[in-house]
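Dropping the structure in here first, questions after.
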Amino acid sequence: DEFCDRSKTEVLSSGALRVHPPAALVSSIVRNIVIDGVQHQKINPEDRKRVVVDFSSPNIAKELHVGHLRSTVIGDSLCRLLEYVGHDVIRLNHVGDWGTQIGMVLAYLREQVAEGTFRNEEITVANLHRVYQVTAELFSVCLSFSFSPSPSLSSPL
């Protein structure tokens with residue numbers, strides 16, 4: 001059809017679609033925007049929907065990096081487009097499941113404090129990333145650490 005040449009549409013290994021619209025179509029759209037500006041077309045009020053957009057899910061037990069921005073930028077862009085045409089948008093920023101990571105860090109810190117190799121004063125935000133890396137490695141290679149019951153987890157450090 002006029003919007004895309006199906007022979008130039010690809011499905012990437014990531015599952016995303018790559019669409020190559022005809023140059024004449026892109027040229028026509030850009031020319032119309034330059035001449036007339038963006039034509040704002042609101043949806044009919046009876047077609048207005050409440051839309052929930054859940055985006056970004058970084059693992060908060062690890063450092064954030066630029067890769068986390070992709071989901072955030074795409075999600076926010078989608079929200080802005082939906083609001084622009086008149087939908088009621090609810091933004092949810094999902095930060096992921098962190099229960100296992102926090103449990104691993106707490107179990108490790110309890111063990112280290114009890115053995116005297118780590119002091120309460122050393123439990124700082126700066127140290128938590130290093131502690132998480134150590135616990136993640138222990139969790140992956142040491143069955144006794146990952147499956148040992150820790151009745152003391154409910155008591156404070």
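Only a predicted model underlies this, so the values are computations on that prediction, with no experimental measurement involved. Count residues from 1 along the sequence.
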Does I74 sit in a hydrophobic cluster with other residues, and if so which ones, taking ILVMFWY side chains as linked at heavy-atom separations under 4.5 Å, directly or through other members? none

Residues joined to V34 in its hydrophobic cluster, side chain to side chain under 4.5 Å directly or through other members, sorted by chain and number, are V26, V30

Residues two or more places apart in sequence or in another chain: which of them pass side-chain hydrogen bond (donor to acceptor under 3.5 Å, both in side chains) with R48? none

E111 side, atom CD; L138 side, atom CG - distance, nearest 0.5 Å: 7.5 Å

For the hydrophobic clusters of this structure (ILVMFWY residues joined by side-chain heavy atoms under 4.5 Å, transitively), does one cluster hold both I33 and V85? yes

D47: partners by side chain to side chain contact (heavy atoms under 4.5 Å, CB included), with sequence neighbours left out: N44

Answer with yes or no whether the hydrophobic clustering places L109 together with V134; edges join I, L, V, M, F, W, Y residues whose side-chain heavy atoms lie under 4.5 Å apart. yes

ILVMFWY cluster membership beyond I35 - transitive side-chain contacts under 4.5 angstrom: none

All side-chain hydrogen bond (donor to acceptor under 3.5 Å, both in side chains) counterparts of T117, not counting sequence neighbours: Q112

How far does OH of Y108 sit from OH of Y132, to the nearest 0.5 angstrom? 14.5 Å

Pairs where residues 78-88 contributes a residue and the test side-chain hydrogen bond (donor to acceptor under 3.5 Å, both in side chains) is met, not counting sequence neighbours: R50-D88, D76-R80, E83-R91

Taking the side chain as C-beta and beyond, is there a heavy-atom pair between L128 and V105 under 4.5 Å? yes

Please list all pairs passing the side-chain hydrogen bond (donor to acceptor under 3.5 Å, both in side chains) test where one or both residues lie in residues 26-35, with sequence neighbours left out. none

S14: what forms a side-chain hydrogen bond (donor to acceptor under 3.5 Å, both in side chains) with it, not counting sequence neighbours? none

A side-chain contact here means heavy atoms from C-beta on lying under 4.5 Å apart; do I90 and V53 qualify? no

In one Ile/Leu/Val/Met/Phe/Trp/Tyr side-chain cluster, 4.5 Å: V38, I43: yes

Which pair of heavy atoms, one from V89 and one from C79, lies closest together, and at what distance? CG1-SG, 3.6 Å

Taking side-chain hydrogen bond (donor to acceptor under 3.5 Å, both in side chains) as the definition, give me every residue that meets it alongside T72, ordered by chain and number, with sequence neighbours left out. S56

